[in-house]
Amino acid sequence: MKGRKATHIPGLDELICDGLPEGTINLITGPAGSAKSLMGMHYVYNGAKYDNEPSIYLTLEESRDSILRAAKAYGMDLEKLEKEGKVYLVDIGKMRVECTASEELEWGLASFETLQDFLKNHISFSHATRLVLDSVTAVGVYYKSTELMRRELFKFARFLKGSGITSMIISEVIGDKDSRYGIEEFIADSLIKMDYESTSGEYRRTVTVKKMRFTKHDPLKHPFLIMENGIEISPDEVIG
Amino acid sequence: MNKVKAYGKMIEMFITKMTSPEIGQFRLEISTFRIILERARTSHPSLIKFTLTDDCKIVNNLKDNEGSIEALTVFLQKSIDFISSLIGEDMARDIIASSMKEDLTRLSEKLRGESDLVRSFPEPFSTLLTDAIELKKGSSDHEEILELFQEVYQAYLKDLSTHTDLSAFKLKLSILREKHDLIKYVELNKANYLEIDKERWASATKNEVKEALAAMFNSMVGLSTFLLGKEEALKKATRVFQYYFDGKDRILENYDMMNDILEGSLYKKISTGIGELDSKMRGGIPNGASLLLISPSGIERDLFISGLLKNGLNNGSSAMMVVSKEPPRTIRMLLRSNDLHPDDLEDSGRLRIIDWFSWRGERIIGVERDGHALKSSKILSNLGIAINKGLRELTFSSNKISIVHIIGPATNIFEFNEVYNFVQRLRAKFKDNDMASIFILETDSLSKEMESRLLEVFDGTLIIDKSMEDGKFKREIAIRSLSGIDFDANPIPFFIRDNLIIPEITITEEDLHKKGHISKNKKRTMKKDTRQPSTHKDEEIIILSTRSRVKDEIVTGPKIGKIPEEEKKVINKKRKITKPKKEGPPTVKPIVKLKVKRGKMKKKDDGTQEKMKKSMDSIDLGSHEGTPEDILKEAIDTINDLLDIETDLTKDAVTLKVHRKKIK
Amino acid sequence: MSIAAHHLKPENMDLTVHPLIRSFESKLSELIGVLSKFIVTKQCTAVLPYTTSDPERSIIQKISKGIINESSVLIGDIQARTLEKEFLKITEEYFKEEVTNER
């Protein structure tokens with residue numbers, strides 16, 4: 001395996017042997033509000049800021065403004081890095097909003113084919129080495145059958161691996177499942193599950209690295225906090 | 001290091017330099033040296049016993065020392081000849097001289113006194129080494145050890161600088177300057193080179209030099225431990241010992257350095273603030289040990305904790321307090337009342353308070369910051385996170401102390417097993433951080449079964465006991481367990497005066513006999529006094545009680561009993577010159593107030609005893625000059641002398657109660 | 001009247017086939033692939049109500065500007081500025097040729 005892409009998220013790199021293995025697809029799953037997008041923002045921002053690596057954050061649901069605002073709230077000035085050409089905050093969601101459902105289907109705005117075509121061209125001029133796709137759930141709704149979606153996702157995954165980019169694919173799940181469509185975890189090299197649970201009358205955020213190919217990792221459930229600078233995972237603390 | 005080894009090392013250095021990219025266009029391959037070695041074997045067959053590894057190490061299987069030197073000389077000569085044939089003799093000499101200058105200077109130290117051997121080395125090594133040895137001859141012993149340590153420090157700093165910008169070491173150096181005058185003449189310059197003003201050190205005693213050098217070395221190892229963990233720090237220290245101190249036994253022994261360095265760095269202990277307890281623990285709390293303090297809540301426990309913190313913080317340690325019974329502001333007040341400056345300590349990262357109290361009165365989400373304190377919500381995982389953050393925020397210090405007061409309150413909220421697991425993890429965390437910790441548990445707050453399970457987690461247990469006897473409190477502190485240490489389990493009775501824990505010391509007759517201060521026909525028994533009138537009818541009692549405050553003074557004093565006039569003069573002279581030494585108290589040193597009472601005990605009608613003040617007669621303290629405080633200081637020192645107790649100036653107080661039994 | 005101007009007439013309203021617009025789309029597709037078609041079509045549709053009264057050059061500039069704005073969220077400001085310069089350049093060349101042809 002080649003090198004690592006450090007996330008620089010306090011505590012996370014310790015759990016995954018210093019970073020995500022280069023060229024891998026890493027699935028970040030969890031229920032709504034479990035800070036998946038925030039983790040993606042950290043990954044892109046930190047990579048550009050600390051490792052000087054051009055990074056793409058591709059949003060299909062949240063608006064660009066909302067992502068910029070959320071990132072800024074935790075001290076991440078994505079706009080500044082955008083101006084420096086280190087971060088590309090790609091708002092495909094905006095394009096989706098501007099057209100009707102039938103137009104969206106017609107154009108295939110949120111299809112894997114379109115994303116693949118877009119990324120292929122983008123990577124060639126941006127030389128991006130990190131990608132966050134937020135979220136695969138938004139792409140899934142485009143497909144009429146899960147079967148078709150799986151097939152296309154599989155092709156998309158092959159493309160990503162071929163491109164050499166190290167990606168985080170965000171997937172929103174309901175309940176205890178590891179993925180929305182039951183296939184994401186198979187195409188991904190790693191699965192990081194973010195969650196929250198109630199204990200002693202409080203909500204506690206948790207993160208578990210459930211799978212990570214090519215590397216040793218800590219598979220235990222760890223608590224994490226969202227502090228003034230964003231996510232802080234406590235690798236020394238274990239739940240359960 | 002024997003001379004063959006030193007010679008071999010020199011050739012290894014030579015090959016390393018000649019094959020390193022730094023040498024530029026004249027760089028040779030290791031394979032070239034192998035060819036030279038192989039060819040040299042034809043003229044000198046014993047070289048067959050030598051092999052050259054890829055990392056430029058010479059493996060010598062020839063047992064004969066003289067033979068080895070001869071063989072190595074042939075190999076070295078052939079190598080130099082080869083280089084000279086390539087680039088000319090002058091150029092070869094210049095390259096060897098410039099690239100190996102530092103190595104040869106270091107080597108000249110090891111080959112001192114081996115001038116014959118050095119002369120037999122091939123040129124240019126022979127001349128270069130002879131010159132280096134001649135240069136060294138002019139150095140004084142301090143210079144020699146300073147040069148050695150400068151090299152060690154430099155190597156260490158160079159290594160450390162790859163992990164940190166050395167600002168932590170600069171900070172540590174500034175703290176050390178408070179304690180060691182000599183370190184004032186040590187500067188870390190902009191290029192991270194440690195400059196020692198050797199002339200300023202020249203007039204210092206060996207002991208002063210030793211202490212200052214050892215303190216600096218310890219702080220480096222401490223910093224390394226902080227950055228890399230104990231295991232890695234130990235490895236580095238060992239490597240330094242092996243490389244730089246090899247063959248330096250003479251000079252290290254001369255300064256009695258070895259133990260100080262080894263024990264100082266790696267087996268450092270933390271004082272509890274009570275000298276008696278430290279000595280029963282054989283030096284204090286070992287770094288990284290977690291002790292359970294079982295104590296009733298009350299002033300005894302508070303004073304023990306504040307004494308431990310005060311002592312540690314005044315000696316440059318950093319500390320963390322995990323509190324559950326009071327808010328951080330109360331803790332800060334407590335520290336202020338002990339002459340500490342919590343705000344400064346928190347600003348400089350030497351103190352962190354983890355607040356597990358406030359969640360009871362306010363809503364805390366996860367972990368929140370309140371100034372420098374970290375407030376945790378109720379759940380233990382968040383408390384763990386807050387502690388981790390606190391640990392990360394503590395600045396470098398070779399000693400770290402944590403006081404954790406959560407076990408009792410936590411077991412009231414959570415299942416015992418959850419608390420047990422949490423404490424176990426916490427203990428492991430502190431151990432990793434080389435932090436000595438005290439976990440407080442209220443007496444009888446857990447069932448015996450739970451308490452005994454909990455004991456398994458810790459490295460030791462301290463017990464503070466308080467009971468009523470004859471309408472008065474009897475207080476004791478004892479060590480119940482301490483793993484790996486031959487501790488003294490006898491409890492230390494103590495009393496409290498002026499917010500200090502004052503241990504009561506037992507003085508045996510034997511001690512006095514040993515010192516020759518009591519004649520055989522006039523025996524005195526000095527024993528533990530429980531502050532109750534003695535039950536022995538015919539006892540005379542001497543009570544020497546002390547009260548201490550923080551002030552820099554050296555305690556000197558006369559001896560009990562008749563003191564010859566000339567000795568008195570010496571004592572008085574000593575007293576006059578014992579002015580405060582330095583500014584700022586790095587350690588707590590006592591100012592002592594003394595009451596000297598001597599009286600017979602008489603039995604009262606109700607059967608108890610009381611002291612007969614009227615019959616008190618004075619003791620000859622040897623000197624009656626100065627204030628009562630001075631007299632007491634002298635008396636304390638004298639008794640320490642009598643008992644062969646080393647005066648521990650860090651002790652807050654010493655109380656001696658001497659019972660004198662009349663011999664029938 | 002040029003061929004392009006012919007397409008700008010209300011009755012022949014498919015701006016996407018305008019040679020300049022096609023050049024724009026081609027340039028943009030090098031950066032974002034098939035999404036360029038969507039952006040260009042959207043912009044051409046958006047500008048439609050004004051085409052009747054605006055002269056050719058003004059319409060093209062509006063579309064060009066719209067494409068740049070839309071695509072900047074996909075390709076970033078730096079790349080958008082480069083693209084803008086390229087659009088300007090090909091626009092200038094196009095109209096220069098137009099004038100020459102008409103003469």
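Note that these values count all heavy atoms, side chains included, but never hydrogens, waters or copies made by symmetry. All figures in this text were calculated on a predicted structure; none of them were measured in a lab. Proteins come first, then strands; the chains are lettered A, B, ... in the order of their sequence lines, and each starts at number 1.
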Seminar exercise, completed: Contact list (residues 69-77 of chain C to chain A, heavy-atom gap under 4.5 Å, by number) returns Glu70(C), Val73(C), Leu74(C), Ile75(C), Gly76(C), Asp77(C)
Exercise. Quick one: what part of Leu31(C) sits under 4.5 Å from any heavy atom of chain A, side chain, backbone, both or neither?
Worked result: both
Exercise. What pairs meet the side-chain hydrogen bond (donor to acceptor under 3.5 Å, both in side chains) rule with one or both residues in residues 76-90 of chain A, with sequence neighbours excluded?
Worked result: Asn52(A)-Lys86(A), Arg64(A)-Glu82(A), Lys80(A)-Glu84(A), Glu84(A)-Lys86(A)
Residues 154-172 of chain A, side-chain donor-acceptor partners within the protein, below 3.5 Å, at least two apart:
residue, atom, partner, partner atom, Å
Lys155(A), NZ, Glu152(A), OE2, 3.3
Lys161(A), NZ, Asp189(A), OD1, 3.1
Ser163(A), OG, Leu160(A), O, 2.7
Ser163(A), OG, Ile165(A), N, 3.3
Thr166(A), OG1, Gly23(A), N, 2.9
Ser171(A), OG, Glu184(A), OE2, 3.0

Problem set entry | Residue list, salt bridge (Lys or Arg N to Asp or Glu O under 4.0 Å) with Glu84(C), at least two apart or on another chain | none
Exercise. Which bit of Thr114(A) is near chain C, if near means a heavy-atom gap under 4.5 Å: side chain, backbone, both or neither?
Worked result: both
Problem set entry | Segment of Lys94(A) engaging chain C (4.5 angstrom heavy-atom cut-off) | side chain
For this session: Count the heavy atoms of every other residue, nucleotide or ligand shown that sit under 6.0 Å from CZ of Arg213(A), and state whether that count exceeds 12.
Result: yes
Exercise. Backbone N or O of Met95(A) within a donor-acceptor pair of the Lys42(C) side chain at under 3.5 Å?
Worked result: no
Seminar exercise, completed: Exactly one of Ile92(A), Val90(A), Asp117(A) clears side chain to side chain contact (heavy atoms under 4.5 Å, CB included) with Leu35(C), and that residue is Ile92(A)
For this session: Look up atom CG in Asn121(A) and atom CD1 in Ile32(C), then write down how far apart they are to the nearest 0.5 Å.
Result: 8.5 Å
